[in-house]
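Report on the following structure.
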Amino acid sequence: MAGEWHSTACILCSINCGLEVEVEGRRLTRIRGDKQHPGSQGYTCEKPSRLDHYQNGRHRLTSPLRRRADGRYEEIDWDTAIREVAERLVAVRDAHGGEKILYYGGGGQGNHLGGGYSMATRGALGSVFTSNALAQEKTGEFWVDGQLFGKPSCHTTGDYHDAEVAVFLGKNPWHSHGFPRARKVLREIAKDPERALVVIDPRRTETAELADIHLQLRPGTDVFCLSALLAVLVEEDLLDSAFVAERTSGAETLLAALAEVPIADYCARAGLAEEQVRETARRIARAESCSIFEDLGIQQAPHSTLNSYLEKLVYLLTGNFGKRGAMNLHTAFGKLIGGGRSDRRSPVRGEKIITGLIPCNAIPDEILTDHADRFRAALVESANPCHSLADSQRMRQAFEALEFVVVIDVAMTETARQADYVLPAASQFEKWESTFFTLEFPENYYHLRSPLMDPLPGTLPEPEIHRRLVRAMGALDGLDLAPLHEAAAQGLDAFAPAFLAWMGANPAAGRLVPVVLYETLGATLPDGAAAAAAVWGLAQSCALTYPESVRRAGYESGNALFEAILRERSGIVFSVDPYEETWKRLEHPDGRIDLVIPELLEELAAARGEDPQQRDPAFPFVLAAGERRTSTANTIYRDPTWRKKDASGALRMNPEDAARLGIEAGALARVTTKRSSVEAVVEITDTLLPGHVSLPNGLGLDYPDESGSPVVHGVPANELTASEDRDWLAGTPWHKHVAARVEAVA
Ligand SMILES: Nc1nc2c(c(=O)[nH]1)N[C@H]1C(S)=C(S)[C@@H](COP(=O)(O)OP(=O)(O)OC[C@H]3O[C@@H](n4cnc5c(=O)[nH]c(N)nc54)[C@H](O)[C@@H]3O)O[C@H]1N2
Ligand SMILES: Nc1nc2c(c(=O)[nH]1)N[C@H]1C(S)=C(S)[C@@H](COP(=O)(O)OP(=O)(O)OC[C@H]3O[C@@H](n4cnc5c(=O)[nH]c(N)nc54)[C@H](O)[C@@H]3O)O[C@H]1N2
Ligand code: SF4
Ligand SMILES: [Mo]
């Protein structure tokens, strides 16, 4: 296959830029941006050129593993693995009820198709509780969207390409991206004198270096900065009054609350010059359009849900919604957000479940208890919760306390080491794959990727793993699939009505649908694309949910959409919207935006009593545990040699702090929190304020050395975090705001 270029996508962040890859044998030898991809248009950042480290690293598993009584793992064949895993899961279900089986994960930055098939396994077991990384970043924001716009699935996206003013709040898109072709767009805004780039971040990030305005606030003081900014809008009469009157409800109550904010005092608490905050408010207010991106800097810090609310009020009070260059409600292909039930509470502690997800930080509490409703087993797929969730020590304890754990991954992860069985998945370049990060507006993209090569011997794609598990549990026994096989043989036009009729006749098949489609329609799809069968179902519901948007993209039916998805190997535009479409997507019955969220206005009022400078003298630093850098990509690259820079994942600190503590660049420092202590190599940089230190995310993974023994590289940030440090409302963690002590190591 040498010399041939194949279309695929980058799997390292939610943008999933289109790639072209040259494959030699099983190696990814050359990688470049795919100009045919409608979203990325040939763009990539520096990270995907090393994807061979993911594809061919020593971390790859090649056999199902079973833990023996002595704690070591032995290789077993797939038939044994599937039979025993199915038996053990069914035994937990029969003894305690399927709802005691927690499902965690379902996809990382590049792979959501397997998670779609897990619905069948969960359905066969009656497992209802799930969680994933969104419940340690975005659930607070989703909840606020639900209050303002009517449903948590009313998800906004910014129009950074066209915005006159682009604001990044706790977000460093130069490294973390978050919207297509980020660096190109940032440079364009920065060099255009008519436009402005605003960054609100305690660190002078690469994005802040480009900014027209950098509000370099003290860490954790966004509540003061944002409410002061809103209060300036009110005080200086900078609101879009027509928009507020015509499009919103509750303005009077909200504006009264904002009028109470002591602007000068709050700017001082945030460590900002009042004039700079006023200038920022004026710049946003006079702009033709403004888009705002909030991310982990507020979503993983104190007052995170409240800060999401305040952030959204900035664009709403200035009328930056439902128009070009501003915030809009986008379509979705496959329901990444808002799919789950939110009327349930977590079984033990009664925690709020947002968009179907249990707060990540609550998971140990839902296991480490003798409460009758505690979780008894876990199925983990494409995620590493014993490393990526707060409080790794408690997570390990919790997983040890479970009766049964199974992990589906490409690698022997920190979570897999807690498992009874580990099932090795084919890599994302060895199977049909896609994500449901379809978050763009006015054009939205979907990309189904075809495999670059066969699965590594010993591994299976997740759809096949779930099919086998569901079969082994007997969940499909007694269902007559013959009518579906017959219809599938006649083509998509015959299949659609036959499928509807079959579902009507077999209501009990409900959650088994992905596997039913895989076995029937999947068997007839070209190029071995059986795993695309579930995508057929999603294409139907997408065309039903957004008929006009899909038609504007050129597709008259769900089948036409699906055929294009199968055919176009670089992705397609599946929906096109005029800006006014946003207004039709509001879910409040009166069609207005409800500006008042009483519990958050109460939290705002109570913040007046807070002194953000107050610290426990034992832990005088604020540690941002998990910064995105050029050398981080969650835990997708385990092989440490992929990092050309920052090999050990340095602790960054300000020169004043380093001098005072007698720590030199490149030396080791000890970082201690109430939970634990670690040692890290120090990088000295004036991009951080005194008293603020940061560690990268996704390090501290073990990787086999030449002899196969695992060696840990860098600091695992979540050894330092604690599960109780979380938002009161959404349960999101305070990873960016960990009280810490830093000392020189002798
Ligand atoms: N290179 C790279 N890119 C990635 C990833 C990766 O691992 N590596 N991961 C992807 C994922 S999963 C995600 S969710 C995104 C996250 O993307 P980002 O949210 O941009 O990532 P972070 O660097 O964790 O945090 C953003 C910023 O928050 C700032 N911050 C810290 N404390 C505060 C505070 O109190 N207030 C404010 N306003 N800001 C604060 C930090 O200085 C940092 O610049 O990145 C994605 N992209
Ligand atoms: N302290 C701290 N903790 C954090 C963060 C932070 O900033 N600070 N950030 C948080 C955020 S925003 C996120 S998104 C999470 C990310 O953390 P996780 O949700 O745990 O996910 P990833 O690191 O993306 O790792 C995904 C897993 O998928 C596996 N994998 C890769 N390809 C495949 C495949 O094809 N099939 C299967 N089955 N598995 C595969 C990888 O080996 C890896 O184990 O971390 C969170 N944790
Ligand atoms: S922006 Fe994200 S998806 Fe695109 S190349 Fe970089 S890491 Fe990959
Ligand atoms: Mo994330």
Side-chain angles (χ1 to χ4, degrees), residues 11-15 45-47 54 59 104-111 113-115 132-134 136-138 168-178 199-208 215 217-222 225-226 293-302 307 360 380-390 392 407-416 423-431 433 459 461-462 465 622 624-638 687-688 692 694-698 701 716-718 720-721 733 735-738:
I11 61 169
L12 300 174
C13 88
S14 66
I15 299 307
C45 70
E46 72 283 16
K47 293 189 292 297
Y54 160 80
H59 60 280
Y104 188 90
Q109 302 295 297
N111 55 326
L113 209 48
N132 62 40
L134 289 170
Q136 62 167 325
E137 43 179 335
K138 304 281 174 268
F168 296 98
L169 170 63
K171 166 87 194 160
N172 181 14
W174 185 266
H175 279 313
S176 66
H177 290 79
V199 172
I200 307 178
D201 196 308
R203 194 171 91 82
R204 198 177 72 244
T205 59
E206 296 72 9
T207 313
L215 294 175
L217 75 184
R218 293 194 182 106
T221 62
D222 299 79
C225 167
L226 293 171
F293 204 129
E294 62 155 90
D295 216 339
L296 304 186
I298 63 159
Q299 293 177 345
Q300 297 183 339
N307 284 331
C360 291
V380 177
E381 176 168 10
S382 188
N384 190 358
C386 291
H387 178 275
S388 62
L389 266 56
S392 300
V407 168
I408 304 175
D409 204 294
V410 295
M412 193 67 193
T413 65
E414 290 64 24
T415 308
L423 303 179
S427 87
Q428 296 178 49
F429 302 109
E430 298 167 346
K431 62 194 175 203
E433 197 42 282
T459 68
E462 290 84 347
I465 296 176
V622 173
E627 188 174 84
R628 270 68 187 163
R629 300 181 181 170
T630 183
S631 54
T632 71
N634 286 3
T635 64
I636 303 159
Y637 281 127
R638 294 185 71 89
T687 58
L688 281 166
H692 196 203
S694 81
L695 280 169
N697 75 307
L701 303 172
N718 286 314
L720 296 169
T721 55
H735 292 322
K736 297 290 180 271
H737 204 84
V738 183

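Numbers here simply count residues along the sequence, with the first being 1. Ligands are counted one by one from 1 in listed order, and the atoms in each one are counted from 1 as well.
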Could you walk me through whether Q136 and Q300 pass the side chain to side chain donor-acceptor pair (under 3.5 Å) test, one step at a time? CA-CA 7 Å; Q136 62 167 325; Q300 297 183 339; 4.6 Å; no

Heavy-atom side-chain proximity of Y104 to L389 below 4.5 angstrom: yes

On a heavy-atom basis, I'd like to know which of S176, C45, A301, G170 is closest to atom 45 (O) of ligand 1. S176

Please indicate whether any nitrogen or oxygen in N172 is less than 3.5 Å from any nitrogen or oxygen in ligand 1. yes

Distance filter under 4.0 Å to A425 heavy atoms, resulting ligand 2 atoms: 36 (N), 37 (C), 38 (N)

What's the shortest distance from atom 35 (O) of ligand 2 to any protein heavy atom, and which residue and atom give it? K431 NZ, 2.7 Å

To check your reading of the model: name the closest protein heavy atom to atom 13 (C) of ligand 2, its residue, and the distance in Å. A133 CB, 3.7 Å

Among all protein heavy atoms, pick out the one at the shortest distance from atom 2 (C) of ligand 1; state its residue, atom name and that distance to 0.1 Å. T632 O, 3.2 Å

I need the nearest protein heavy-atom contact for atom 18 (P) of ligand 2: residue, atom name and distance, please. S388 OG, 3.5 Å

Run down the list K736, R628, E137 and name the one with the heavy atom closest to atom 4 (C) of ligand 1. R628

What protein heavy atom lies closest to atom 8 (N) of ligand 2? Include the residue and the distance to one decimal. A625 O, 2.7 Å

Heavy-atom contact check, 4.0 Å cutoff: does A633 meet ligand 1? yes

K47 near ligand 1, heavy-atom distance under 4.0 Å? yes

If we only count N/O pairs under 3.5 Å, is H175 in contact with ligand 1? yes

Answer yes or no: is there a side-chain heavy-atom contact under 4.5 Å between L217 and L215? no

A411 backbone acceptor or donor facing D409 side chain under 3.5 Å: yes

Near A426, which atoms of ligand 2 are under 4.0 Å from a heavy atom of that residue? 35 (O)

Checking T415 side chain against C386 main chain: does a donor-acceptor pair fall under 3.5 Å? yes

Give the residue, atom name and distance (to 0.1 Å) of the protein heavy atom nearest atom 38 (N) of ligand 2. E462 OE2, 2.8 Å

Compare P202, A624, P696 and give the one whose heavy atom is closest to atom 32 (N) of ligand 1. P202

Pick one of side chain, backbone, both or neither for how T413 approaches ligand 2, counting any non-hydrogen atom pair under 4.0 Å. side chain

Do you know the tightest heavy-atom contact between N718 and H735? OD1-CE1, 3.2 Å

Looking only at protein heavy atoms, what sits closest to atom 3 (N) of ligand 2 is N718 ND2, 3.1 Å

Side chains of S176 and R629: is there a donor and an acceptor less than 3.5 Å apart? no

Shortest non-hydrogen pair, E381 vs G115, comes out as OE2-N, 4.0 Å

Protein heavy atom at shortest distance from atom 34 (C) of ligand 1: G297 O, 3.2 Å

At a non-hydrogen distance cut-off of under 4.0 Å, which region of N111 contacts ligand 2 (side chain, backbone, both, or neither)? side chain

With heavy atoms under 4.0 Å as the rule, classify the contact between E433 and ligand 2 as side chain, backbone, both or neither. neither

Under a heavy-atom criterion of less than 4.0 Å, does G626 contact ligand 1? yes

Answer whether the closest heavy-atom distance between the side chains of E430 and P461 falls below 4.5 Å. no

Below 4.0 Å from any atom of ligand 1, is there a heavy atom belonging to K171? yes

Nearest-option assignment for atom 27 (C) of ligand 2, heavy atoms, candidates A390, S382, G114: S382

Please state which part of T205 comes within less than 4.0 Å of ligand 1, counting heavy atoms only: side chain, backbone, both or neither. side chain

Exactly one candidate in R628, E206, H177 meets side chain to side chain contact (heavy atoms under 4.5 Å, CB included) with N172; the answer is E206

Minimum heavy-atom separation for I15 and G178, please, with both atom names. CD1-C, 3.4 Å

Backbone or side-chain N or O of T221 under 3.5 Å from ligand 1 N or O: no

Any side-chain donor near an acceptor of the partner, Q109 and S14, under 3.5 Å: no

Just let me know how P733 lines up against ligand 2, side chain, backbone, both or neither, with a heavy-atom cut-off below 4.0 Å. neither

Just jot down the ligand 2 atoms closer than 4.0 angstrom to any heavy atom of Y54, in number order. 31 (C), 32 (N), 33 (C), 35 (O)

Check each heavy atom of N697 against ligand 1 and say whether those closer than 4.0 Å belong to the side chain, the backbone, both or neither. side chain

Check P202 against R218 and note the closest heavy-atom contact, atom names and distance. CB-C, 4.4 Å

SB check E627 K736 (cutoff 4.0 Å): no

In ligand 1, which numbered atoms sit nearer than 4.0 Å to a non-hydrogen atom of Q109? 12 (S)

Contacting atoms of ligand 1, where contact means under 4.0 angstrom from a heavy atom of P219: 35 (O)

Side chain, backbone, both or neither: which applies to Q300 and ligand 2 if a contact is any heavy-atom pair less than 4.0 Å apart? side chain

At less than 4.0 angstrom from any non-hydrogen atom of G220, what atoms of ligand 1 do you find? 34 (C), 35 (O)

Given D201, L215, I15, which one has a non-hydrogen atom that is nearest to atom 41 (C) of ligand 1? D201

Does a side chain donor of either N384 or E414 reach within less than 3.5 Å of an acceptor in the other side chain? yes

With a cut-off of 4.0 Å, which atoms of ligand 1 are near a heavy atom of D222? 34 (C), 35 (O), 36 (N), 37 (C), 38 (N)

Contact between L423 and V407 at the side-chain level, heavy atoms closer than 4.5 Å - yes or no? no

Using a 4.5 Å cut-off on heavy atoms from C-beta on, say whether the side chain of L688 contacts that of S694. yes

Begin from the C-alpha positions of E46 and T630 and carry the test side chain to side chain donor-acceptor pair (under 3.5 Å) through to its verdict. CA-CA 8 Å; E46 72 283 16; T630 183; 2.4 Å; yes

With a heavy-atom distance limit of 4.0 Å, tell me whether L296 approaches ligand 1 through its side chain, its backbone, both, or neither. both

Nearest heavy-atom approach of N307 to P302 is ND2-O, 3.4 Å

If the contact criterion is a heavy-atom separation under 4.0 Å, does R629 count as touching ligand 1? yes

Indicate the atoms forming the closest heavy-atom contact of W174 with T207, along with that distance. N-OG1, 3.1 Å

Would you mind listing which atoms of ligand 2 come within a distance below 4.0 Å of any non-hydrogen atom of I408? 38 (N)

Are any of the N/O atoms in N634 less than 3.5 Å from those in ligand 1? yes

Looking only at distance, does R203 have an N or O less than 3.5 Å from an N or O of ligand 1? no

Just need the protein heavy atom nearest to atom 46 (C) of ligand 2, so name the residue and atom and give the distance. Q136 NE2, 3.2 Å

For atom 42 (O) of ligand 2, the protein heavy atom that lies nearest, with its residue and separation: D409 OD1, 2.7 Å

